[in-house]
Protein chains: 2
Amino acid sequence: MAGKVEARRAALREKLIELAEAQIVAGGLSSLKARQLAQDAGCALGAIYTVFDDMTALVLAVNGRTFQALGQAVRASFEGAEGLAPNDRLIVMSNAYLSFAAEHTHLWRALFDVEMSTDHNVPDWYMSALGGLFALISQPLSQIFPEMEAEELSLMTRALFSSVHGIVLLGLENRISGVPRDQIEVMIAQVLSHIR
Amino acid sequence: MAGKVEARRAALREKLIELAEAQIVAGGLSSLKARQLAQDAGCALGAIYTVFDDMTALVLAVNGRTFQALGQAVRASFEGAEGLAPNDRLIVMSNAYLSFAAEHTHLWRALFDVEMSTDHNVPDWYMSALGGLFALISQPLSQIFPEMEAEELSLMTRALFSSVHGIVLLGLENRISGVPRDQIEVMIAQVLSHIR
DNA sequence: GACGATTATGAACGATGTTCACTCGAGACG
DNA sequence: CGTCTCGAGTGAACATCGTTCATAATCGTC
């Protein structure tokens, strides 16, 4: 059977992603070590490199899952706020983003902490997942600014996403200006509710 | 003379900071290696550890300079925009922040990329430098919102700083949503000009 | 100039990601 | 059923790190 070895490799791949994700959840991206991972998976150290090019590729696989879960969380909040005013919808979505980041801090941080060297080109799902998020944001935005050009709207979308991301990032980072959860929500509301 | 050894240590300390800064400028924080640094400085590897607790402490010293220069750049733009409307002052200051980040990307990134383990408590100058920046922001803000409480104003200040930081961060990061310089300026203006 | 104390040195240590010469077992073939 | 082959799996070895510490060099003092 030719597919046998293929299946075994796929199983190992899945197990490694699972264990790596658990390790990142438990101790952050920097606590993920090749040797410990191999031991946890009950495989040889070199086996990891038969399934992934390097550790970065493995982390990117984990990030793929995380991005999916993040998108799902934001989408759920988006659909749960159909009747709200555009500004409030943006706020609800941003709070969903905050919730995800707060409850899965290590996984969320890994999305941005993984180093992408120049040769490592950004995977397709990365950009498309981001595009999906942007589409969710631009919908309420186009209601707030009906006459805005598509290009300007696109910029505004990314600007607001980046703003919320910045607020969440620095808000959760204790050393810069760490702040209680509910105050982060206030900051998001302050910025977004004044957009009009 | 008891001060002799002290002066020599201070000189070494200064030289190491200088060389480390140059290395970060040239190749980013991750390119800073203890051995290469010692060779550049013409000193022994262990000599570094007679002047700094560890590499992180050295990077923090470099960050101290960077923070100073960053504050100076923002302050200069603040003072050069005395007559402008509050919103425009905020935009000018934010553009100064963007300019600094764009022109000293590696040094600026090192400010946030250095890992602060739990025992490494944040230095005083770190918080006070940040406080200085915040004070600059809150001044135009208090003109826009004269009736706002001090506490709410403080939150708004940090919210806006975080927003601009997020826009600059993701805007300069090619993999997420990298964008030409002038478009980043547009994004900043979009968010800040709508604050009223 | 000799001696004790202090400082600088760099080989050694422990991690870590990655590689590659070898092993070994499953399937093909006689 | 025995043998043979070939490729996938293995883990010891390698290259690099930051950091330490026994030892050597240097300095201050009498």
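Residue numbering restarts at 1 for every chain, and letters A, B, ... go by the order of the sequence lines.
A salt bridge does not link A/Arg158 to B/Glu173: none of the charged nitrogens lies less than 4.0 Å from a carboxylate oxygen. A salt bridge links B/Glu14 with B/Arg65; the closest basic N to acidic carboxylate O contact falls under 4.0 Å. In summary, A/Arg13 and A/Glu18 do not engage in a salt bridge, as defined by a charged side-chain N under 4.0 Å from a carboxylate O.
Spacing between atom CZ of B/Arg9 and atom P of C/dT9 amounts to 12 Å, rounded to whole angstrom units. The CD-P distance, from B/Gln36 to D/dT16, rounds to 12 Å in whole Å. One can place CD of A/Gln39 at 14 Å from P of D/dT10, the figure rounded to the nearest angstrom. Atom CD1 in A/Ile48 sits about 12 Å away from atom P in D/dG11, given to the nearest Å. We find that CZ of B/Phe52 is positioned 15 Å from P of D/dT20, with the value rounded to whole Å.
The aromatic rings of B/Tyr97 and B/Phe161 sit perpendicular to each other, their planes meeting at more than 60°, with 30° as the lower class boundary.
Counted within 6.0 Å of CD on B/Gln68, heavy atoms from surrounding residues, nucleotides or ligands total 12 or fewer; the atom is thus considered open.
When only modelled atom types and interatomic distance are considered, A/Ser99 and A/Arg181 share a side-chain donor-acceptor pair under 3.5 Å. Looking only at atom types and distance, the side chain of A/Thr56 has no donor-acceptor partner in the side chain of A/Glu115 under 3.5 Å away.
Side-chain atoms of A/Leu170 and B/His165, non-hydrogen and from C-beta on, do get closer than 4.5 Å to each other.
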Would you give a per-nucleotide map of nucleotides 11-21 of chain C, 5' to 3', where B means the base has a protein non-hydrogen atom under 4.0 Å away, S means only the sugar-phosphate does, and - means neither? BB---BBBB--
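Contact check of residues 16-27 of chain A against DNA chain C (heavy atom, cut-off under 4.0 Å) returns no residues at all.
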